[in-house]
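What follows is a set of notes on a single structure, which appears directly below.
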Amino acid sequence: MIQRQAIFLVVVFAFEAEYSETNLFSCRHIIVSHSALTVVKSNKVVEASYMLTLAEQRVLLACIAQIDSKAVLSEQTRFEISAGEIVDLVGLDNFSNAYRDLKKAAEKLYERSVIIDDPDPDNPQIAQRKTRWISSIDYVPGEGKLVLSFSFGIIPYLSQLSQEFTKYKLKHVARFESIYSIRLYELLVQWSTAGQREIEVEWLKKQFQVGDKYDRLGDLKKRVIDPAVAEINEHSNLWVKYGQRKVGRTVTHFQFQFGMKGKPEEKKQLTDDEIKRQARPGESRAEVIARLSGNSLADFARPGETLDQVHERKKNLEKMKKVLS
């Protein structure tokens, strides 16, 4: 376990920014203070269906953190990840094992795929897209590093992002040891402006690809939800607690409440930029506000209404129903 953690730390935290370009491709080797590294993903990827080991997640995030999410990205852009300063950084004795484990994680990642639902808003006939994460790996054992390229199919969800994306500092997930902690953290950060999120149990099992593994709710909570919540509370910038909702006697949804540490009950005020960034095609302003605030008010929302106006109209409607009943 010590060696796996060390690999990730070296991969993402070790050096200074350095770019080199040739006529054939650009190679990015971004080695900056860990506090500056930021992961940005399309919400389509945050909510996608895939399974990665912890080591594979770390390699992937180390590369994603090097991407300029607003710029153009191509398959010819390469991303370096290095185990070169492991010994000095964390005091490990076995450098060869560090490179070996890094190489093994990258090779497994090369075989992995991700399934994205409704991948193209301009072509709604496409229900799903299955794509690999990376398309190539270059090995540089003499320097203890690998050079990776992202696959053509995943690139649109990592670059030129202007709306419907999730962004967080890599340092907030760096110490996670559960493979599910990163996934749950991203799902919560995606709704950071709301401070609450309800997630269907069966949907979560499908997207985490644990449907066949944890049939019993107790096992799912014990092996997936509880460890992830504990790690998020211990290591990240969020606090989180959760409950569950039943339909009849069956638990159908997990209900998460969360916020920034130090501000446990404070919710962010939605800004115009945030509303525009999170808006889905065809959504009204009120519908966006209702969705981001975790309120099931989309059916009540009218064009141009604020969230407070929707709340007030619904409250008045409920009062009228009581009077008439």
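Remember, predicted model here, so these are calculated numbers, not experimental data. Basis for what follows: all heavy atoms, side chains included, without hydrogens, waters or symmetry-related copies.
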Any idea which heavy atoms bring Ser181 and Ile232 closest together, and the distance?
O-CD1, 4.0 Å

Examine the side chains of Glu75 and Ser151 and answer whether a donor and an acceptor come within less than 3.5 Å of each other.
no

Donor-acceptor pair between Ser149 and Ser135 side chains, under 3.5 angstrom
no

Okay, side chain of Asp219, backbone of Tyr214: is any donor-acceptor separation there less than 3.5 Å?
no

Give a yes-or-no answer on whether the side chains of Glu107 and Tyr139 include a donor-acceptor pair shorter than 3.5 Å.
yes

With no hydrogens and no angle check, do the side chains of Tyr180 and Arg223 hold a donor and an acceptor under 3.5 Å apart?
no

Minimum heavy-atom separation for Ser82 and Glu143, please, with both atom names.
OG-O, 4.2 Å

Under a plain distance cut-off of 3.5 Å, with no hydrogens placed, do Arg129 and Tyr157 share a side-chain donor-acceptor pair?
yes

We want to know whether Gln190 and Thr166 form a side-chain donor-acceptor pair, criterion being a heavy-atom distance below 3.5 angstrom.
no

Check the side chains of Glu164 and Asn43 for a donor-acceptor pair under 3.5 angstrom, ignoring hydrogens and angles.
no

State whether the side chain of Thr77 and the backbone N or O of Leu73 hold a donor-acceptor pair below 3.5 Å, judged by distance alone.
no

Salt bridge flag under 4.0 Å for residues Asp120 and Lys44:
no

Could you check whether any side-chain heavy atom of Ser136 comes within less than 4.5 Å of a side-chain heavy atom of Leu148, counting everything from C-beta outward?
no

Give a yes or no answer on whether the side chain of Arg132 reaches the backbone of Leu109 with a donor-acceptor pair at less than 3.5 Å.
no

With clusters defined by side-chain heavy atoms of hydrophobic residues (ILVMFWY) lying less than 4.5 Å apart, directly or transitively, does Leu188 cluster with Tyr168?
yes

Glu47 with Arg197: basic N within carboxylate O range, under 4.0 Å:
yes

Contacts of Ser113 meeting side chain to side chain contact (heavy atoms under 4.5 Å, CB included) (sequence neighbours excluded), chain-then-number -> Lys130

Check: Leu146 and Val140 side chains under 4.5 Å, non-hydrogen atoms
no

Minimum side-chain heavy-atom gap Phe254-Lys221 below 4.5 Å:
yes

Is the count of non-hydrogen atoms from other residues, nucleotides or ligands lying under 6.0 Å from Asp215 atom CG greater than 12?
yes

How about Met260 and Leu238: do any of their side-chain heavy atoms sit closer than 4.5 Å?
yes

Report the C-alpha distance between Leu102 and Val59 in whole Å, list the side-chain angles of each, state the deciding distance to 0.1 Å, and finish with yes or no for side chain to side chain contact (heavy atoms under 4.5 Å, CB included).
CA-CA 8 Å; Leu102 175 60; Val59 170; 3.8 Å; yes

Give the C-alpha distance, both sets of side-chain angles, the deciding distance and a yes or no for side chain to side chain contact (heavy atoms under 4.5 Å, CB included) between Val46 and Val189.
CA-CA 10 Å; Val46 171; Val189 171; over 6 Å; no

Minimal non-hydrogen separation, Gly153 against Pro156, with atom names
O-CD, 3.6 Å

Does Phe176 have Arg58 sitting over its ring (NZ/CZ under 6.0 Å from centre, angle to axis within 45°)?
no

Check the hydrophobic clustering (I, L, V, M, F, W, Y; side-chain heavy atoms under 4.5 Å; chains of links allowed) and say if Leu170 and Leu54 are grouped together.
yes

Report yes or no: do Leu52 and Ile137 belong to one cluster of Ile/Leu/Val/Met/Phe/Trp/Tyr joined by side chain heavy-atom distances under 4.5 Å?
yes

Decide if atom CZ of Phe152 counts as having more than 12 heavy atoms of other residues, nucleotides or ligands within a radius under 6.0 Å.
no

Determine, stepwise, if the pair Glu202 / Lys205 fulfils salt bridge (charged side-chain N to carboxylate O under 4.0 Å, His left out).
CA-CA 5 Å; Glu202 292 304 314; Lys205 289 166 66 175; 3.6 Å; yes

Please examine the side chains of Gln160 and Ile155, heavy atoms only from C-beta on, and report whether any two atoms are closer than 4.5 Å.
no

Counting distance only, does the side-chain N/O of Lys261 pair as donor-acceptor with the main-chain N or O of Ser236 below 3.5 Å?
yes

ILVMFWY network linking Val224 to Val251, side-chain heavy atoms under 4.5 angstrom
yes

Do the ring centers of Tyr50 and Trp133 come within less than 6.0 Å of each other?
yes

Phe79 and Phe150: aromatic ring centres closer than 6.0 Å?
yes

In terms of hydrophobic clustering (I, L, V, M, F, W, Y; side-chain heavy atoms under 4.5 Å; direct or indirect links), are Ile115 and Leu60 co-clustered?
no

Testing the 3.5 Å rule here: is there a donor-acceptor pair between the side chains of Gln257 and Tyr242?
no

Just checking Lys70: does its NZ atom have more than 12 heavy atoms from other residues, nucleotides or ligands closer to it than 6.0 angstrom?
no

